[in-house]
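Here the structure comes first, spelled out in structure tokens, and everything after it is commentary.
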Number of protein chains: 2
Amino acid sequence: MNAATRPDARDRMIRSAAVLFRQQGIEGTSFSDVLDHSGAPRGSIYHHFPGGKAQLAEEATRYAGDYIAAGLIAALDDGEPVVAIQKFTSFWLELLREADFAAGCPVVAAAVEGDRTPGARVAAGAAFERWHELLATALERRGLPADRARSVASLTIAATEGAIVLARAQRSTEPLEDVAAELERLVASL
Amino acid sequence: MNAATRPDARDRMIRSAAVLFRQQGIEGTSFSDVLDHSGAPRGSIYHHFPGGKAQLAEEATRYAGDYIAAGLIAALDDGEPVVAIQKFTSFWLELLREADFAAGCPVVAAAVEGDRTPGARVAAGAAFERWHELLATALERRGLPADRARSVASLTIAATEGAIVLARAQRSTEPLEDVAAELERLVASL
DNA sequence: GTCTATACGAAGATAGAC
DNA sequence: GTCTATCTTCGTATAGAC
């Protein structure tokens, strides 16, 4: 097993950072946390990330955004936006249960801690926009007028992300289950 | 002007903390930041908050939650939930514009940084639940079945809070405007 | 590419005078 | 109730050897 078959230290650090940001936010996560979690050697931090924590935060946010986007693309492959939205909310419900409400969305963390890590905030904005584009396009393809498709896509992403925040705070899946039901009802009626 | 007519150092610190948490999150805000912003003397931190930063974070989150709840109650006084929801989203739109997208909701910050400040996270959950209760009750009073009222209330709060996060990341009011339009359309049709 | 050691600053928290 | 000073810990970042 060598560098070609196993993720190298750099990738492992990015993945670990994304996981930890989900739980503790960016400010709440130290390099030591990332090293412990990834098993990467301390000496390689500034070798791989000369831009320091800001660079790591930005790359981890971009990685997470791409990861979710890939999931959305796969979910939309079936063609029916309703199904994709169900898969999207189910994905997050599953994550919340697995983590016992101790983890949310790392992209949200980057957005909320905003101006202290500008690169991460920009990456978060780009991720949200990408997801929005994917959903809006799918809704439009299904026959919705372009502007309505865009606003329903906004509602879907905002409501899901917001519900994850509520669910974490209340340690209950109810907000997200409510949102999933309302979104399903709405989109099915279009 | 004395202690009875002017907010004392303790209150000023709580208010300042809430403002700063909106912008930088809890971890991103130091005691020095709070002292600078509030003008409170350094020597009184542990006099007023023997529990340190955890206590300040918890009280600031509770204060912010109560503040928003009071706004919701006032908005619901007109009777029509649609109007109250419009006022709710408009309030946040205004805040985002004023702050040039550099500030969000402090309760969300407490929820996302969660387990590093457990007291604040619990206070965030209580705040969300209170808002939810207010909205759900108003919707039920307007004739909606109880369970539907609850899920529409969840959607409203989750979508609004989520849209604030998206808007900050993208530095655009569009997500929140989209959500406001969709919520208005939905609630008006009930 | 990874190691150890360390500089440097910031932040939370405490002590004791006033 | 507030002041100054300080302790301690921790986190980012750097230096230089291997």
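Just so it is clear: chains get the letters A, B, ... in the order the sequence lines come, proteins before strands, and each one is counted from 1.
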Please write out each protein N/O paired with an N/O of nucleotides 11-15 of chain C under 3.5 Å, distance rounded to 0.1 Å.
residue : atom : partner : partner atom : Å
C/dG12  : OP1  : B/Lys53 : NZ           : 3.0
C/dG12  : OP2  : B/Phe31 : N            : 2.9
C/dA13  : OP2  : B/Tyr46 : OH           : 2.6
C/dA13  : OP2  : B/Lys53 : N            : 3.2
C/dA13  : O5'  : B/Tyr46 : OH           : 2.8

Report the residues that fulfil ring-ring contact (aromatic ring centres under 6.0 Å, His included) with B/Phe31, sequence neighbours left out, ordered by chain and then residue number.
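Counting only residues at least two positions away or on another chain, B/Phe31 forms a ring-ring contact (aromatic ring centres under 6.0 Å, His included) with B/Tyr46.
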Does B/Phe21 sit in a hydrophobic cluster with other residues, and if so which ones, taking ILVMFWY side chains as linked at heavy-atom separations under 4.5 Å, directly or through other members?
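ILVMFWY cluster around B/Phe21 also holds B/Ile26.
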Let me check something: any side-chain donor-acceptor pairs from residues 151-161 of chain A under 3.5 Å, sequence neighbours excluded? List them with distances.
residue  : atom : partner  : partner atom : Å
A/Ser151 : OG   : A/Arg148 : O            : 3.2
A/Ser151 : OG   : B/Glu182 : OE2          : 2.5
A/Ser154 : OG   : A/His132 : NE2          : 3.0
A/Ser154 : OG   : A/Arg150 : O            : 3.2
A/Ser154 : OG   : B/Asp178 : OD2          : 2.7
A/Thr156 : OG1  : A/Val152 : O            : 2.9
A/Thr160 : OG1  : A/Thr156 : O            : 2.7

Please report, rounded to the nearest Å, how far the [atom2] atom of [N] is from the [atom1] atom of [X].
X: A/Arg12; N: C/dG1; atom1: CZ; atom2: P; value: 13 Å
X: A/His47; N: D/dT14; atom1: NE2; atom2: C1'; value: 16 Å
X: B/His48; N: D/dG1; atom1: NE2; atom2: C1'; value: 7 Å

Please tabulate, for side-chain N and O atoms in residues 94-109 of chain A, each donor-acceptor pair with protein atoms closer than 3.5 Å (sequence neighbours left out).
residue : atom : partner  : partner atom : Å
A/Arg97 : NH2  : A/Glu177 : OE2          : 3.4

Those residues that, when tested against B/Asp147, pass side-chain contact (heavy atoms from CB on, under 4.5 Å) (two or more places apart):
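B/Asp147 satisfies side-chain contact (heavy atoms from CB on, under 4.5 Å) with B/Pro145 once adjacent residues are dropped.
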